[in-house]
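What follows is a short report on a single structure.
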Amino acid sequence: MEKNASPTKPQENTGFPASYLPAEVEPALCSRWEESKLHHYDPARPRQETFVVDTPPPTVSGSLHIGHVFSYTQTDIFVRFQRMLGKNIFYPMGWDDNGLPTERRVQNLFGVRCEPTVPYKEGYKSSGPKKDLKDYEHISRRNFLELCETQTAEDEKRYEALWRRLGLSIDWRQTYSTVGAHCRKTSQFSFLDLFKKGHVYSAETPTLWDTTFRTAVAQAECEDREANGFFHDIKFQVEGGGDFTIATTRPELLAACIAVVAHPDDARYKALFGKKALTPLFKAPVPIMPSFHADPEKGTGIMMVCTFGDIADVQFWRDHKLPLRQVIGRDGRLIPVQFGAGLFESADHAAANAAYGQLAGLYAKQARTKTVELLRAEGSLVGEPRPTKQAVKYYEKGDLPLEFVPTRQWYIRILENKPALLEQGRKVKWHPDYMLKRYEQWVEGLNQDWCISRQRYFGVPFPVWYPLDHDGAPDYSSPIVAAAERLPVDPQTDVPPGYTEAQRGKPGGFMGDHDVMDTWATSSLTPMVSSGWAADKERHAKLYPADLRPQAHEIIRTWAFYTITKSWMHENSVPWYNAGISGWVVSPDKGKMSKSKGNTITPEGLLQTYSADALRYWSGKAKLGQDTVYDESVFKVGMRLATKLFNASKFALMQMKGPAAAGAKPGPADITEPLDRAWVEFLKGLVEQSREDFQSYDYAAVLLYVETAFWNFCDNYLELVKNRAYSGKPEAARSACAALDWTLSVFLRLFAPFMPFITEEVWGWSYAASTGRPSVHKAAWPSAAEMPSAAGDREVFETARKVLEAVRTKKAAEKRSVKWPVARLAVECGPKQAAALKLALEDVLLAGCVDKAGLTLKEAASDEAALSVTVELGAA
RNA sequence: GCGCAGUUAGCUCAGCGGUAGAGCAAUCGCCUUACACGCGAUGGGUCAUAGGUUCGAAUCCUAUACUGCGCACCA
C-alpha cells in the first residue's frame with residue numbers, strides 16, 4: 001500500500017490553477033517583466049530618487065556556478081526591496097571578459113597561442129583543441145583577439161540567460177564588457193587623467209614576475225603557498241682572514257649576492273662590519289654591512305642579500321645603491337653572465353665563470369640542486385641541507401614561484417597615498433562592518449605601488465607611444481600620450497600625433513607601448529564605466545557615486561581597494577556609499593567549492609529541479625559576509641514555501657469570494673473582530689520591523705521572521721478564521737475577509753524580493769487589479785499606516801492559538817484526526833487571558849470542533865497563573 | 001607573530017542581559033472547506049572550557065582551547 005497515496009478528490013472549480021508549476025510560470029514571468037520594462041532605469045528621475053548598483057562583472061571564462069547564484073541573488077533581493085520603496089533602480093550588468101582567464105580559455109579551447117610576429121589571416125578558423133602543447137597553432141595577435149571576442153560573446157549569452165531565469169532584476173540595456181570599446185576608452189581616459197595628475201609613472205625596477213605567463217603581476221594577485229624547503233649553511237671567507245656561515249633557502253642566487261648583513265648589535269659579527277666577504281664558488285667580494293632587518297635569532301644571524309630573493313632584498317639594494325646582479329631571467333632560467341666584466345666582480349674570474357657556466361640556462365630549481373653539488377665539492381657547504389617549511393609567493397593563477405625581475409612597468413602611486421586611501425575606505429559603510437578591517441589591514445600592509453602593466457595581449461593597451469632615437473632606442477622619459485578625443489587607441493595600429501605609420505619602429509620614429517593593462521585597471525572603474533564618466537558628464541552626475549557595491553570578501557584587496565583608489569584619484573570621492581560583502585558557498589565538508597576539486601555545482605539543473613524561487617530562498621537565508629554550506633535540503637524547503645504560498649493564497653482568496661463578498665469590498669473599517677485586530681496588530685509590527693532590517697542590509701533576518709509569521713498565519717490564523725469567513729454572519733465574515741485581504745497582500749509584498757515569481761503570480765490573481773499595481777515588484781513596501789484600524793490586543797490571538805494547540809496535542813496523543821469532536825474543554829487562566837479568550841471564543845471552539853456545552857472557563861485571581869487546558873475527546 | 005569571525009539539538013543556523021529557539025533529520029499519528037509536494041504531535045541541548053561583572057549571563061568582560069579566514073614574517 002502506498003503510504004502517500006491520496007484518495008482522489010474531485011477538483012472544485014475554484015477559478016484558480018489546481019497546482020503550481022514553477023518550470024512553466026517562471027519563464028513566462030521573465031518574458032512579461034522584459035516586455036513591461038519593469039527593470040528599466042529612468043534617466044529623467046533625480047539622483048535622490050535613484051538607487052545605483054555597481055554590479056560585479058563576472059569573469060567570462062566558462063560557466064557560472066552556484067556561488068555566483070548565491071551572491072548575485074542577495075544583491076537582487078536588496079534591489080527589489082529598494083524598487084518597492086519607489087526608487088528608480090540603476091542595476092547594470094558587466095562582463096569581465098578581458099585578461100588572462102579568457103586568454104587561457106581560448107588557448108585551450110582552440111589549441112592556439114598568440115604570436116605577435118605572425119601575420120593576420122583573413123577568415124581564420126581553428127582546428128580545435130590540441131592534446132600536445134607542441135601542436136598548438138601560433139596565430140597573429142589580431143586573430144587571437146578575434147577568437148577571444150567570439151568566445152566571450154557566446155559565454156555572455158549563456159550567462160545572461162541564467163541571470164534572467166534566476167529573476168535578477170537587471171536593466172539589460174545597461175551592460176558593458178571590459179574589453180569593449182567603451183571600457184577601453186574609459187580605462188585609457190583614466191590612464192590619461194592619472195598621467196596628467198602625476199599618479200602614474202613608468203619605471204624600470206625589480207617587480208614581481210611570473211615566469212610561466214612571463215608577465216609582471218601586482219602584489220594583490222600574489223598568494224603564499226607553503227612549501228618544503230631546505231636551509232643550506234654556506235661558508236663565506238672574509239677578506240684578510242676568517243670565515244662565517246650564512247643560512248639560505250635559495251643557494252642558486254649565490255651569484256647574485258651583493259652584500260652580507262647582520263644586526264648592528266650582533267656581537268658575533270660586529271667586528272666584520274666594513275670588511276668584505278668572498279662568496280663561495282664565485283669569489284665575489286661583497287660588503288659586510290649592519291642592517292636592522294637581520295634577525296640575530298634566525299638562521300645563523302648573518303645573511304646574504306641577493307638581487308633578488310625577496311622584497312627586503314629589493315629594499316636593501318635600493319637603499320644602499322648596490323650593483324644589480326640579476327641572474328634569473330624572464331623565463332625563470334639563469335641568464336648567462338660574465339664574471340670579471342661589468343657588475344659581476346670576482347677575485348678568481350676563471351673559477352667563477354667555470355662554476356657559473358654549469359648553472360646558466362638551468363631553471364631556478366635545477367640550478368639550486370647544481371649549486372649545492374658545486375658547494376659540496378668545494379667544501380663550502382656546512383653539514384647537509386636541513387628541511388624547513390617555508391611560505392613561497394606565487395601568482396594566484398601561476399604554478400611556479402614568483403621572482404623579482406627588473407623590467408619596465410607602469411605603476412600607480414599608492415604607497416605615498418596610504419593615509420588618504422585609508423580615510424576613503426572608512427567613508428564607505430561596510431556590511432558587515434568588520435569587513436572594513438580587512439581593507440585597512442590590506443592597505444597598511446602594502447609595500448609596492450600598483451603595477452598595472454601586463455606583458456599580455458587580450459586587454460586594454462596603454463594609449464602611449466615612445467619616440468625612438470637615432471639608434472632606434474626608445475626614449476621612455478618622454479612618452480607620447482594619446483589625445484583624449486581619439487580614445488580608444490591601439491598604439492600597435494594607431495599612429496601618434498606628428499608621425500606617420502612609415503616611421504613605426506624606425507630610428508627617429510616611434511614605437512607603441514606593447515603592454516596591456518591589468519584587468520583590475522579596468523574593473524576598478526566599474527562605477528565610472530556605468531555612469532559614463534569618460535563620455536557623458538550629465539549621466540555621470542546622476543549615477544556616481546553609486547549606492548551599493550556588492551562583492552565577495554576575497555577581492556577586497558583588489559576590486560574594492562582599486563576602485564576606492566581610482567575614485568579618489570579621479571574624482572576625489574568614494575565610489576559608492578555602501579559595500580555589501582557576500583560570503584562564500586562552501587562544500588558540506590567545509591572546503592571551498594572550486595573547479596579544481598570538481599565539486600562545483602552548475603545552477604541550470606537546480607533551477608529546473610527546484611525553481612528559481614527555491615534557489616533564491618536559499619540565498620536569502622544567508623547573512624552578508626557569512627559563508628554558507630551547500631545543502632540541497634534548503635532548496636526543498638524553499639520550494640515547499642513557494643507551494644504553500646500558492647495554496648494558502650488560493651484558499652484565502654476563496655474565502656473572500658464567499659458570503660462576505662456581497663456588497664462593497666471589505667476594507668480596514670470592517671475589521672471589527674478582536675481576533676482579526678490582534679492579528680493585524682501583529683502584522684503591523686512585522687511590517688515596520690522588516691523595513692528597518694532591510695534598510696540595514698539584514699534581509700536574512702526579514703526572511704526568517706516573515707517565513708515564521710507566514711506559517712503561523714497558515715497554521716493558526718487561517719485555521720481560526722476560516723469557519724467564520726465562510727459563515728452566514730455578515731459582519732463577522734466581512735471582518736475576517738478584510739483582514740485576510742490585507743494579510744495576503746502584505747505577505748506577497750514581504751516575500752516579493754526573495755521569491756519574485758510565486759509572489760508575482762499570486763499578485764496577478766487579485767491585487768494587480770485591486771491595487772492598480774500590475775506588478776508586485778512595483779507595489780509599495782507595506783507599512784503599518786495602510787491599516788488605520790484601532791489598535792488590537794495581540795493577547796487575543798496568542799491565547800486562542802495556545803488553546804487550539806492544546807486541543808491538537810490531545811488529539812494527536814489519542815491518535816485522532818483533527819476534526820474529531822471535543823466533548824469537554826476546561827480552561828484555567830488569569831483574568832487577562834480569560835478576557836482575551838472570551839473575545840475569540842467562537843473561533844476557537846469552531847476550529848477545535850469543541851462542543852460549546854462542554855466548555856468551562858475558570859478565572860484565577862492573578863495574571864501570574866499559568867494557562868492550563870484540559871481536553872476530553874468525545875465519541876465519534 | 002598580529003588581526004577578524006566563529007564554537008548553541010544528529011545536521012544547518014537564529015537568538016546577543018530576563019523561563020534555551022527554528023528548519024531539516026528522527027519518532028508517533030492524521031484524509032481536516034487550500035495544500036499528502038499536506039497537516040498535527042513527540043523526543044532531543046551543562047549554549048567549547050575556566051574565571052569574572054550582575055539580583056540574573058548563551059548573551060557583557062578576561063583568559064584558554066579549537067575551527068575558518070585575512071595580514072605579516074619567511075636567511
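Chain identifiers are assigned alphabetically (A, B, ...) following the order of the sequence lines, protein sequences preceding nucleic acid strands; residue numbering begins at 1 within each chain.
- No hydrogens or angles were tested; on distance alone, a donor-acceptor pair under 3.5 Å links the side chain of A:Glu719 to the base of B:A34.
- One can place CG of A:Asn647 at 14 Å from C1' of B:U33, the figure rounded to the nearest angstrom.
- When the C1' atom of B:A22 is taken as reference, atom CZ of A:Arg640 falls 13 Å away, rounded to whole Å.
- The two residues A:Phe16 and A:Met654 have their closest heavy-atom pair at CE1-CG, 3.9 Å.
- Closest non-hydrogen pair, A:Ile234 versus A:Pro280, comes out as CG2-CG, 3.4 Å.
- Between the side chain of A:Asp224 and the base of B:C73 there is at least one donor-acceptor pair of N/O atoms closer than 3.5 Å.
- The base of B:C35 sits within donor-acceptor range of the side chain of A:Lys644, with an N or O pair under 3.5 Å.
- Remark: A:Glu707 does not engage A:Lys644 in a salt bridge, criterion side-chain N to carboxylate O under 4.0 Å.
- Considering all non-hydrogen atoms of both residues, A:Pro251 and A:Leu375 come closest at CB-CD1, 4.5 Å.
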Checklist entry - According to the Watson-Crick and G-U wobble definition with distances under 3.5 Å, which dot-bracket string, read 5' to 3', encodes RNA chain B, using [ ] for crossing pairs and | for pairs with another strand? => result ((((((((.[[[[.)..(..]]]].(((((.......))))).....[[[[[..)....]]]]])))))))....
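- A:Leu804 pairs with exactly one of A:Lys802, A:Arg808, A:Arg801 by the side-chain contact (heavy atoms from CB on, under 4.5 Å) rule, that one being A:Arg808.
- The interatomic distance linking A:Leu873 (CG) with B:U32 (C1') rounds to 15 Å, in whole Å.
- By the 4.5 Å heavy-atom criterion applied to side chains, A:Lys729 and A:Arg724 are not counted as neighbours.
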